[in-house]
Amino acid sequence: MFRTLALTLLLASSVVLGDTGRGICGTFITDTEVVTAEKHFQKHKVAPSAFAIAAATIKVYFHVVSSGTTLATGYVPQSQVQAQIDVLNEDYSATGITFVLANTTRTINSSWFTNAGPSTTTQTTMKNTLRQGGAADLNVYSVGFKSSSTSGLLGYATFPSSYSSAPKDDGVVFLYSSVPGGTSTNYNGGQTLTHEVGHWVGLYHTFQGGCSGTGDQVSDTPPEASSASGCPTGRDTCTGGGVDPIHNYMDYSYDSCMTEFTAGQITRLKSQMRTYRGLSI
């Protein structure tokens with residue numbers, strides 16, 4: 001059953017369009033798949049141990065994939081790589097997770113840079129070639145999303161429950177120009193990776209299921225009918241529960257608008273990481 005569930009979640013990724021029609025995050029799971037995933041999670045959930053550590057360190061393997069040796073061709077300098085790690089640590093500071101750069105690889109491959117995308121053979125080959133470490137190690141791949149099917153995409157990720165059936169697929173693929181100081185207007189503060197890593201640690205979008213669906217399985221994120229765009233303060237798309245969580249890292253707001261994970265999200269991600277990634281946190 002576990003392998004079937006994990007494969008289902010793995011194949012659930014496809015490009016999702018935000019309110020503006022712009023592809024934002026390619027991590028997608030249907031409400032039906034959420035129900036299946038949550039049943040499995042509840043059945044296998046690992047409870048906190050009395051000896052659990054209060055914090056966990058995650059090694060990050062940062063794979064810079066480019067079509068050349070210039071910034072315009074995706075060759076992200078080491079200063080921006082480290083700046084991205086710093087942003088992750090700032091954004092996850094309340095979660096008990098610390099990210100440490102374990103290694104940076106650089107690969108010039110125009111096909112990978114251009115064509116890597118959700119569920120493509122290109123991204124599978126790229127990941128099979130480059131991925132390092134185990135279930136608790138984060139592999140991130142910066143690419144260009146230059147093909148017609150991925151144009152406008154900012155990133156996509158796997159969920160923790162997918163690791164068992166497809167360990168080489170595990171990780172995050174994201175747009176190289178979304179790193180801090182990058183050239184993606186409104187999405188160059190580093191929060192694209194913060195958002196995608198949110199999926200990698202087990203969180204859904206805040207708008208998962210809309211107003212009446214299964215939701216994001218977190219009680220303190222108000223229901224949201226659809227993804228936010230920009231920073232629409234006071235936006236309220238669902239009756240009851242409060243205004244939309246536009247400042248949450250798991251929405252689609254501009255980087256400058258994203259500022260928080262909720263206490264419920266932190267509880268969930270810790271439990272997901274204990275259950276599927278073997279971290280005592």
Side-chain angles (χ1 to χ4, degrees), residues 1-17 23-30 33 36-37 40 58-68 73-76 81 84 102-179 192-193 195-205 272 276-277:
M1 175 182 175
F2 180 84
R3 291 181 61 85
T4 301
L5 167 68
L7 183 59
T8 298
L9 297 186
L10 174 65
L11 297 178
S13 293
S14 61
V15 177
V16 181
L17 298 181
I24 299 293
C25 171
T27 309
F28 177 71
I29 182 171
T30 68
E33 289 162 344
T36 301
H40 184 276
I58 293 176
K59 292 186 291 185
V60 181
Y61 294 92
F62 201 117
H63 306 288
V64 177
V65 177
S66 63
S67 61
T73 58
Y75 203 80
V76 180
V81 170
Q84 180 65 79
N103 189 28
T104 304
T105 69
R106 296 182 179 276
T107 304
I108 299 176
N109 187 311
S110 183
S111 177
W112 294 357
F113 177 75
T114 301
N115 300 313
S119 302
T120 63
T121 56
T122 301
Q123 73 103 39
T124 300
T125 300
M126 178 183 72
K127 289 179 175 180
N128 285 343
T129 303
L130 298 178
R131 195 188 188 283
Q132 301 177 48
D137 298 318
L138 172 61
N139 281 251
V140 303
Y141 308 81
S142 61
V143 301
F145 294 135
K146 297 289 188 180
S147 70
S148 59
S149 63
T150 60
S151 178
L153 187 65
L154 283 175
Y156 61 96
T158 57
F159 291 104
S161 54
S162 297
Y163 181 81
S164 178
S165 67
K168 283 287 188 178
D169 190 64
D170 187 64
V172 172
V173 182
F174 75 111
L175 184 64
Y176 79 95
S177 54
S178 70
V179 298
T192 288
L193 191 57
H195 175 102
E196 298 303 340
V197 172
H199 294 309
W200 187 81
V201 298
L203 300 180
Y204 299 126
H205 290 132
Q272 284 269 314
Y276 295 115
R277 298 200 182 277

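This is a predicted model, so every value here is computed, not measured.
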Non-hydrogen atoms of [X] and [Y] that approach each other most closely:
| X | Y | result |
| --- | --- | --- |
| Asn103 | Thr105 | ND2-CG2, 3.6 Å |
| His199 | Ala157 | CB-CB, 3.9 Å |
| Pro118 | Gly26 | CG-O, 4.3 Å |
| Leu193 | Val172 | CD1-CG1, 3.6 Å |
| Tyr75 | Gly68 | CD1-O, 3.4 Å |

*What pairs with Thr73 under side chain to side chain donor-acceptor pair (under 3.5 Å), at least two apart in sequence or on another chain?*
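Expected list: Thr70.
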Just distance, no hydrogens or angles: give the donor-acceptor pairs under 3.5 Å from side chains in residues 138-145, sequence neighbours left out.
unit_1 : atom_1 : unit_2 : atom_2 : d
Asn139 : OD1    : His63  : NE2    : 2.8
Asn139 : OD1    : Gln132 : N      : 2.9
Asn139 : ND2    : Gln132 : O      : 2.7

*Quick one: which residue pairs count as a salt bridge (Lys or Arg N to Asp or Glu O under 4.0 Å) with a foot in residues 129-139, not counting sequence neighbours?*
Arg131-Asp170
*asked:* Would Ile108 and Phe113 count as a side-chain contact (heavy atoms from CB on, under 4.5 Å) here? Give the steps.
replied: CA-CA 8 Å; Ile108 299 176; Phe113 177 75; over 6 Å; no
From [X] atom [atom1] to [Y] atom [atom2], the distance as rounded to the nearest 0.5 Å:
| X | Y | atom1 | atom2 | answer |
| --- | --- | --- | --- | --- |
| Leu153 | Ser147 | CG | OG | 9.0 Å |
| Tyr156 | Leu175 | OH | CG | 12.0 Å |
| His205 | Ile29 | NE2 | CD1 | 11.0 Å |
| Ser164 | Arg277 | OG | CZ | 11.5 Å |
| Glu196 | Thr158 | CD | OG1 | 10.0 Å |

*Go through the steps to decide whether Gln123 and Thr120 satisfy the test side chain to side chain donor-acceptor pair (under 3.5 Å), and finish with yes or no.*
CA-CA 6 Å; Gln123 73 103 39; Thr120 63; 5.4 Å; no
*Just do the ring-ring contact (aromatic ring centres under 6.0 Å, His included) check on Tyr276 and Phe159 with the steps written out, would you?*
CA-CA 9 Å; Tyr276 295 115; Phe159 291 104; over 10 Å; no
*Look at the side chain of Lys168 and the backbone N and O of Lys127, then say whether any donor-acceptor pair between them is shorter than 3.5 Å.*
no
